[in-house]
Protein chains: 2
Amino acid sequence: MTTFENVRIAKEANIYFDGKVTSRNVLFADGTKKTLGIMMPGEYEFSTSLKEEMDITAGKLEYKLNGQDWQTIDGSGVFYVPANESFQLKVHTVVDYCCSYLAE
Amino acid sequence: MTTFENVRIAKEANIYFDGKVTSRNVLFADGTKKTLGIMMPGEYEFSTSLKEEMDITAGKLEYKLNGQDWQTIDGSGVFYVPANESFQLKVHTVVDYCCSYLAE
């Protein structure tokens with residue numbers, strides 16, 4: 001099991017889409033931030049401010065980046081979303097994810 | 001916002017009841033453990049091994065301990081479950097919780 005060491009975590013969750021998407025903020029000693037989240041089945045659109053690495057650790061989803069075709073991740077996989085863009089998700093089974101916010 | 005400092009957190013979530021209940025393990029430097037979790041509306045039964053402090057930080061639920069009446073928490077509240085017991089929950093709106101495992 002992967003663990004993150006020496007971090008600060010918010011007690012309260014971030015709750016979106018009536019709780020179908022929830023996440024928790026994890027802050028690292030070097031000032032970087034990740035969120036650990038759960039998405040229930042459904043269709044969602046998100047927008048980025050920073051570049052994001054979306055690391056899917058469980059579940060099945062399709063994702064669509066601007067100007068690209070739908071791609072499927074089933075079980076595990078990673079995709080990147082540029083800063084200041086929106087992306088679409090179709091979540092088919094409960095998804096566990098780790099999102100890293102990147103300074104480019 | 002409350003945060004927990006200098007902790008270790010598991011990257012992967014614990015997923016129960018088809019994802020309607022999920023939690024993440026947070027390990028403290030003193031060896032103690034908490035889980036931060038989300039429960040979607042539904043009815044659940046859980047069993048304890050250690051004594052548990054259930055700290056509800058958002059949402060509405062009813063809980064029933066062995067031999068006691070149903071009690072309601074709406075928004076925030078705390079209850080304790082003895083070790084080696086089961087308890088029942090009726091979750092009415094998305095619940096955000098922090099569960100502490102206590103050595104008595």
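Both backbone and side-chain heavy atoms feed into the values below; hydrogens, waters and symmetry mates do not.
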Checking side chain to side chain donor-acceptor pair (under 3.5 Å) for the pair A:Q71/A:Y63: CA distance, chi angles, key distance, verdict? CA-CA 5 Å; A:Q71 304 282 339; A:Y63 66 92; 4.8 Å; no
Verdict with reasoning, A:T93 to A:K60, per side chain to side chain donor-acceptor pair (under 3.5 Å): CA-CA 5 Å; A:T93 65; A:K60 182 176 180 180; over 6 Å; no
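Heavy atoms of B:T22 lying under 4.5 Å from chain A belong exclusively to its side chain. Interface remark: B:D55 contributes side-chain atoms only to the contact with chain A (heavy atom separation under 4.5 Å). Both the backbone and the side chain of B:K20 come within less than 4.5 Å of a heavy atom in chain A. Both the backbone and the side chain of B:V7 come within contact range of chain A, each with at least one heavy atom under 4.5 Å from a heavy atom of that chain.
No more than 12 heavy atoms of other residues, nucleotides or ligands sit less than 6.0 Å from atom CG of B:D18.
Judged by distance alone, the side chains of A:Y101 and A:T48 never bring a donor and an acceptor atom under 3.5 Å apart.
Top candidate by heavy-atom pairs under 4.5 Å with chain A, chosen from B:I38, B:I9, B:N25, is B:I9. In terms of non-hydrogen atom pairs under 4.5 Å with chain A, the most contact-rich of B:R24, B:E5, B:E12 is B:R24. Per-residue heavy-atom pair counts under 4.5 Å with chain A were compared for B:T2, B:V94, B:T57, B:I15, and the maximum is reached by B:T2.
Between B:Y44 and B:F17, the ring center distance clears the sub-6.0 Å criterion.
By the 30° and 60° cut-offs, the orientation of the rings of A:F4 relative to A:F28 is perpendicular.
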